[in-house]
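Input: a single structure, listed below in structure tokens.
Just so we're on the same page: letters track the sequence lines, and every chain starts at 1. What you see is a predicted model; the values in this text were computed from it and never measured.
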2 protein chains.
Amino acid sequence: MIRVLLADDEAMIRSALAALLRLEDDIEIVAECADGEEAVAEAIRLQPDVCLLDLEMPGLDGVEVAARLRRALPTRCVVVTRHARPGVLRRALASGVAGFLPKSRDAEEVAEVIRRVAAGGRYVDPEVAADALSDERCPLTGRELDVLRAGRRGETTAQIARALSLAPGTVRNHVSAVLGKLGLESRQQAVILAEERGWI
Amino acid sequence: MIRVLLADDEAMIRSALAALLRLEDDIEIVAECADGEEAVAEAIRLQPDVCLLDLEMPGLDGVEVAARLRRALPTRCVVVTRHARPGVLRRALASGVAGFLPKSRDAEEVAEVIRRVAAGGRYVDPEVAADALSDERCPLTGRELDVLRAGRRGETTAQIARALSLAPGTVRNHVSAVLGKLGLESRQQAVILAEERGWI
DNA sequence: ATAGGCCCATGACAGATGTCACCCGTGCGA
DNA sequence: TCGCACGGGTGACATCTGTCATGGGCCTAT
């Protein structure tokens with residue numbers, strides 16, 4: 001029996017997946033969690049064989065949960081995501097995730113991936129993997145990414161500067177570098193692009 | 001037997017819901033569609049009793065599909081959405097949608113809502129309905145919303161002005177009015193808020 | 001009719017944003 | 001050791017963005 005923990009902030013997909021997986025003879029759902037913190041706590045308490053984690057969750061996201069669990073448990077993690085970008089996959093693999101599956105795949109495949117991962121294997125969606133190989137690495141530096149992250153919600157440069165303890169001019173300079181590298185015209189466009197590519 | 005058409009661009013949730021609904025004795029899934037255009041075409045061809053439509057789909061969204069079907073068929077529509085904002089509910093009800101359910105509800109409730117709607121009833125998620133009653137209408141004018149829509153992806157004011165055939169100054173003026181009404185500091189913040197509230 | 005209320009449009013002004021040239025410290029190869 | 005490429009930081013400058021005062025068109029109530 002493979003003991004599985006399920007975490008997704010959207011109740012509809014969480015409960016639907018749970019119901020489907022319960023139909024499988026060799027899989028047992030031991031917990032259903034609505035956010036990352038809960039998933040970490042329950043995983044430590046219940047020691048499941050596999051954790052199926054949504055990437056987009058409030059607070060701790062799926063990759064962060066996997067990173068924390070790796071340091072504490074032998075549990076193997078599968079991350080499921082709506083936007084399967086190469087950058088996200090890289091981040092996931094670096095955090096020790098054993099399986100990576102976009103939500104554009106059928107629910108039927110989930111059970112199969114869980115079995116493979118429980119058996120010690122790895123599974124990465126072939127389509128995403130191909131993308132990740134063809135597309136090059138993020139061209140932005142750490143500080144540049146910090147600036148974009150701090151400006152995610154349309155914050156003003158002054159607010160970003162305060163948040164990072166920088167002079168406003170420095171923030172503007174980083175932004176300028178980003179726009180030059182990406183060929184864009186405004187900080188907001190850069191934020192949107194970076195989010196789409198999974199860089200932030 | 002209730003004949004149901006299912007439309008959601010995310011294969012995982014679409015197939016999971018389909019599998020769950022197939023377990024119900026009185027429900028038959030007659031079509032699974034991945035976008036709005038396909039949903040309209042299949043609904044006209046198959047004449048299902050109920051259409052279960054995701055709101056967020058590329059091309060035609062769930063409410064637009066419902067609006068088109070209302071003019072062509074006696075089918076009753078249920079709209080399911082990730083972000084259940086009062087503005088969206090209003091838009092949905094105005095388009096003749098018979099059921100409205102956020103994805104934060106359990107998948108088990110979907111079958112129940114389908115039955116109720118097929119029987120001629122209406123169903124609106126109580127929590128969203130309460131929000132819609134308590135919260136006031138969008139304070140922005142049509143042109144102001146146009147400007148926000150045209151600036152959704154971080155476009156520059158010059159680009160927005162060209163897109164709407166306006167002088168740049170006019171665009172800035174609309175933006176200024178929006179920021180005043182909403183108490184914000186940048187156009188991008190306004191775009192984010194308007195998206196969250198379902199105004200655009 | 002007309003006065004008042006809107007939504008929309010516009011241009012002049014001030015402040016925020018992005019560009020540029022420059023400096024500092026670090027790590028790497030010649 | 002030196003040169004130098006690179007990430008990071010900074011302030012002056014030009015451009016873009018948001019503010020404000022203003023005017024026109026269209027409704028509605030008086």
Grab the N/O contacts between the protein and nucleotides 24-29 of chain C below 3.5 Å, and write none if there aren't any.
none

Rounded to whole Å, the CD-P distance (A:Glu144 to D:dC6) equals 13 Å
Tell me the interatomic distance from A:Leu164, atom CG, to D:dG8, atom P, rounded to whole angstroms. 12 Å
Hey, are the side chains of B:Val117 and B:Ile114 touching, using non-hydrogen atoms and a 4.5 Å cut-off? no
How about A:Glu28 and A:Val4: do any of their side-chain heavy atoms sit closer than 4.5 Å? no
Looking at [Y] and [X], is any side-chain nitrogen of the basic one under 4.0 Å from a carboxylate oxygen of the acidic one?
X        : Y        : result
B:Glu195 : B:Arg152 : yes
A:Arg115 : A:Asp49  : no
A:Lys103 : A:Asp54  : yes

Checking B:Glu56 against B:Thr81: is there a side-chain donor and acceptor pair closer than 3.5 Å? yes
Under 4.0 Å protein heavy-atom contact, by nucleotide of nucleotides 9-19 of chain D - B base, S sugar-phosphate only: BBSB----BBB
Restricting to side chain to side chain contact (heavy atoms under 4.5 Å, CB included), what partner residues turn up for A:Leu193, sequence neighbours left out? A:Leu182, A:Leu184, A:Glu196, A:Arg197
Compare side-chain N and O positions of A:Thr141 against OP1 and OP2 of D:dC6 and report whether any pair is under 4.0 Å apart. no
Contact summary for A:Leu53 and A:Ala66, nearest pair of heavy atoms: CD1-N, 4.0 Å
